Amino acid sequence: MTGAGISTESGLPTYRGKEGLWEGHRLEEIATPQAFARNPEQVLRFYNQRLKQLRQVAPNPAHLALKELERGFVVDIITQNVDDLHERAGSSRVLHLHGRLSQARSSKNPDFVVELGEEGFFELGEMCPHGGQMRPNVVWFGEAVPNMDLAIPLCQQADRFLVVGTSLVVYPAASLVDFVPRRAKKAVIDPVLPRHLNREEWLGLEGKAAEKTPELVRQWLNEAGVEAG
Ligand code: OAD
């Protein structure tokens, strides 16, 4: 399970903390349906900036290590991130809990989704065939998280569970760790380890994702009898 911290070393800011995205903006003015209804131009500008930034960065060793882990395990990535760095690193099974920045969707019909492609942006006045303004296909505060229904069984079936770079303060996503069986081997990587994870059950690796993830992946592949490439 990954959060904004895994993409920090690619050059994308996290949400909370010093220099976090929500530090410079009031969350209620950007990431809510009410904000979009009130000031769509400001909201689209914010997400267009994110999109522009995303196109200038690349996966880092943490994303690449999780792809590498597939050599020994069936790896399901549950990410809260709206970036596509796991896909670009080559991971085959990626579930986005909070949507994807590279897609627009109708504000009238959540099922009407289009890919923006390499150069597309969110445009005020761009409508779906039913007259709904197109918006980022991301989950805003106060909106449902439909992919929780897919994420919960993945957590319940896990033999191993790794959490990388999330403050685990946003629900329902943060509740996923409660679905992981007691018997599963669990680890968390973060420079500031989330406090509420029981340290008897969770191996805490304090540090940066790009450094710690490849180390842990090497160890897990070793345990699975696979030589790291
Ligand atoms: P946060 O910004 O809340 O937390 C980022 C986490 O990454 C923190 O625990 C940092 O300590 C950690 N971190 C920072 N640098 C790191 C590094 N180099 N390596 C590893 N970890 C590092 O981001 P999320 O937990 O992802 O949702 O936030 C959850 C949700 O809140 C987001 O998906 C977004 C946001 O509002 C929506 O917009 C719906």
Side-chain angles (χ1 to χ4, degrees), residues 1-36 42-44 46-51 53-54 57-66 77-86 89 94-103 105 110 122 135-148 151 162-177 187-197 199 202-217:
M1 176 176 180
T2 64
I6 196 169
S7 300
T8 308
E9 286 144 283
S10 291
L12 298 179
T14 58
Y15 292 93
R16 294 170 185 79
K18 209 162 32 95
E19 292 170 29
L21 280 173
W22 296 154
E23 288 297 296
H25 297 86
R26 288 186 54 219
L27 195 158
E28 315 81 74
E29 283 169 9
I30 300 292
T32 64
Q34 292 80 3
F36 189 58
Q42 172 173 281
V43 174
L44 295 186
F46 174 85
Y47 284 100
N48 278 334
Q49 282 164 358
R50 306 278 76 75
L51 196 54
Q53 201 172 28
L54 177 56
V57 303
N60 68 54
H63 301 102
L64 297 170
L66 294 182
I77 295 185
I78 303 171
T79 186
Q80 296 164 86
N81 298 345
V82 295
D83 68 47
D84 58 356
L85 296 179
H86 286 301
V94 185
L95 181 67
H96 286 266
L97 283 179
H98 294 159
R100 301 188 60 169
L101 196 51
S102 57
Q103 296 174 336
R105 75 147 165 101
F122 305 106
R135 53 162 273 187
N137 188 23
V138 302
V139 173
W140 284 328
F141 287 87
E143 294 184 325
V145 184
N147 280 348
M148 280 296 284
L162 171 61
V163 170
V164 187
T166 169
S167 57
L168 288 179
V169 297
V170 172
Y171 283 80
S175 69
L176 285 175
V177 292
V188 50
I189 294 173
D190 201 300
V192 185
L193 296 174
R195 282 214 204 128
H196 49 287
L197 292 180
R199 295 297 296 279
W202 290 81
L203 169 69
L205 299 169
E206 203 172 333
K208 293 183 173 174
E211 201 179 298
K212 297 289 178 190
T213 315
E215 279 172 27
L216 186 73
V217 163

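Every number for a ligand or one of its atoms is a count from 1 in the order of the listing. Just so you know, residue 1 is the first one in the sequence shown, and it goes up from there. Just so you know, these numbers come straight off a predicted model, no measurement behind them. Because only heavy atoms are used, hydrogens play no part in the values below, and waters and symmetry mates are left out as well, while side chains stay in.
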Practice item. If the plane angle is over 60° it's perpendicular, under 30° parallel, otherwise tilted; pick one for Phe122 and Tyr47. Key: perpendicular

Point to revise | Contact residues of ligand 1 (heavy atom under 4.0 Å), by chain and number | key: Gly3, Ala4, Gly5, Thr8, Glu9, Thr14, Tyr15, Arg16, Trp22, Gln80, His98, Val139, Phe141, Gly165, Thr166, Ser167, Val170, Asp190, Pro191, Val192, Lys208, Ala209

Check your understanding: For Glu29, what residues pass the side-chain hydrogen bond (donor to acceptor under 3.5 Å, both in side chains) criterion, not counting sequence neighbours?
Key -> Arg26

Exercise for review: Apply side-chain hydrogen bond (donor to acceptor under 3.5 Å, both in side chains) to Glu9 and list each qualifying residue two or more places apart in sequence or on a separate chain.
Suggested key: none

Check your understanding: Donor-acceptor pair, Thr32 side chain versus Ala35 backbone, under 3.5 Å?
Key -> yes

Would you mind writing out the side-chain donor-acceptor pairs for residues 205-214 within the sub-3.5 Å range, not counting sequence neighbours?
unit_1, atom_1, unit_2, atom_2, d
Thr213, OG1, Ala209, O, 2.7

Practice item. Report the relative orientation of the aromatic rings in Trp140 and Phe36; use parallel for angles under 30°, tilted for 30 to 60°, perpendicular for over 60°. Key: tilted

